[in-house]
> 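One structure coming up, written as structure tokens, with questions to follow.
Since the model is a prediction, treat every value here as computed from it, not as a measurement. Every number for a ligand or one of its atoms is a count from 1 in the order of the listing.
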Amino acid sequence: MRYWELRRAVVEAFRFMEERGLNWGHSGNVSVRLPGGLYLISPSGLRKSRMGPEDLVVIDGEGRVVEGSRPPSSEYRLHLAVYRARGDVNAVIHAHPLYASVLAALRKPILPIVEEVTVYLGGPVEVAAYAPPGSGELAENAVRALGDRCAVLLANHGALTCGSDLEEALDALVYLERAAFVYFHASLLGGAQPVPPEALELERRMYLARRRLL
Ligand SMILES: [Zn+2]
């Protein structure tokens, strides 16, 4: 994808999230890995659904702005930590989806009660230990809880998803919120039955093969 198309795709991602109730207002941040150790990231402080492609910022691996006039997202440490830990990841989304945030507030992992949790997210969605927003500690906790999977909950805060491109990270966010929605409602009706272990094993292999981690 060409550079300006990529900028437009990031802007579109915010509109997509807001239309579907996956993120609101000034919250949330999206980044994409660029060649040469650089990262395109959303800026801090703007209403994201009204942002234009020119508002995005390019930072280096230390979070220094190398292109753009706005400050980068205050969660840039979170994004950079995921890129450092995961060579297979080229896009990261941090958002505040409603049902995922309920489980993040409960500090309750999402167990694989629907097939998508393992096939697309890699397994149970763990909860990263609490740390203040924007902190290096939050970044460390999130990377540890994420492991080799594509989604993690941030305690009392929201969620993070990632993928080999922006579309995959966005898909992961949709699968995460659907799983959280199903898990929440199934819990109200007595609790969901888990996917059988032999199916989980097969689904986990499918996930790893697609991410070329096998
Ligand atoms: Zn947040």
Side-chain angles (χ1 to χ4, degrees), residues 9-33 39-51 55-57 59 63 65 68 70-86 89-110 121 125-147 149-163 166 168-181 183-184:
V10 171
V11 168
E12 276 306 308
F14 278 106
R15 300 213 171 110
F16 174 90
M17 289 192 284
E18 185 135 328
E19 279 165 14
R20 285 159 184 80
L22 297 166
N23 195 61
W24 290 271
H26 291 70
S27 62
N29 23 83
V30 172
S31 69
V32 180
R33 193 197 294 266
Y39 305 89
L40 183 65
I41 189 164
S42 51
S44 170
L46 287 185
R47 181 170 284 277
K48 299 303 186 307
S49 59
R50 291 194 198 143
M51 187 178 70
D55 292 317
L56 300 178
V57 181
I59 58 172
V65 175
R70 296 189 180 276
S73 162
S74 58
E75 293 289 9
Y76 74 86
R77 291 180 188 86
L78 184 60
H79 292 251
L80 292 178
V82 175
Y83 292 121
R84 269 196 294 272
R86 294 278 298 272
V89 164
N90 295 310
V92 174
I93 298 176
H94 162 55
H96 297 172
L98 203 52
Y99 285 93
S101 297
V102 170
L103 291 161
L106 288 165
R107 302 190 183 180
K108 215 171 164 48
I110 303 174
L121 305 179
V125 183
E126 302 291 346
V127 185
Y130 183 83
S135 64
E137 195 188 350
L138 178 64
E140 277 174 32
N141 294 352
V143 164
R144 197 175 312 120
L146 178 67
R149 296 175 297 275
C150 282
V152 66
L153 299 175
L154 309 178
N156 306 95
H157 183 165
L160 178 145
T161 62
C162 57
L166 185 55
E168 207 177 277
L170 214 44
D171 283 347
L173 188 67
V174 172
Y175 291 130
L176 167 67
E177 182 64 347
R178 190 181 106 80
F181 181 92
Y183 192 42
F184 175 87

> Decide if atom CZ of Arg15 counts as having more than 12 heavy atoms of other residues, nucleotides or ligands within a radius under 6.0 Å.
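Yes, the 6.0 Å shell around CZ holds more than 12 heavy atoms from other groups.
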
> For Arg178, what residues pass the salt bridge (Lys or Arg N to Asp or Glu O under 4.0 Å) criterion, not counting sequence neighbours?
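Here the qualifying residues are Glu116.
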
> Tell me every residue that passes side-chain contact (heavy atoms from CB on, under 4.5 Å) with Ser135, counting only those two or more places apart in sequence or in another chain.
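Partners of Ser135 by the side-chain contact (heavy atoms from CB on, under 4.5 Å) criterion, ordered by chain and then number, come out as Ala131, Pro132, Glu137, Leu138.
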
> So, does Glu75 use its side chain to make a donor-acceptor pair with the main chain of Pro133 at under 3.5 Å?
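No, Glu75 side chain to Pro133 backbone: no donor-acceptor pair under 3.5 Å.
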
> Applying side-chain contact (heavy atoms from CB on, under 4.5 Å), can you list everything that pairs with Glu18, at least two apart in sequence or on another chain?
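side-chain contact (heavy atoms from CB on, under 4.5 Å) list for Glu18, sorted by chain: Ser49.
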
> Around the Zn ion (ligand 1), how many protein N, O or S atoms are there at under 2.8 Å?
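Step by step: take the Zn ion (ligand 1), keep protein N, O, S below 2.8 Å, and you get 3.
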
> Check whether any side-chain heavy atom of Ile59 sits under 4.5 Å from a side-chain heavy atom of Leu80, and report yes or no.
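The answer is yes, as the side chains (C-beta and beyond) meet within the 4.5 Å cut-off.
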
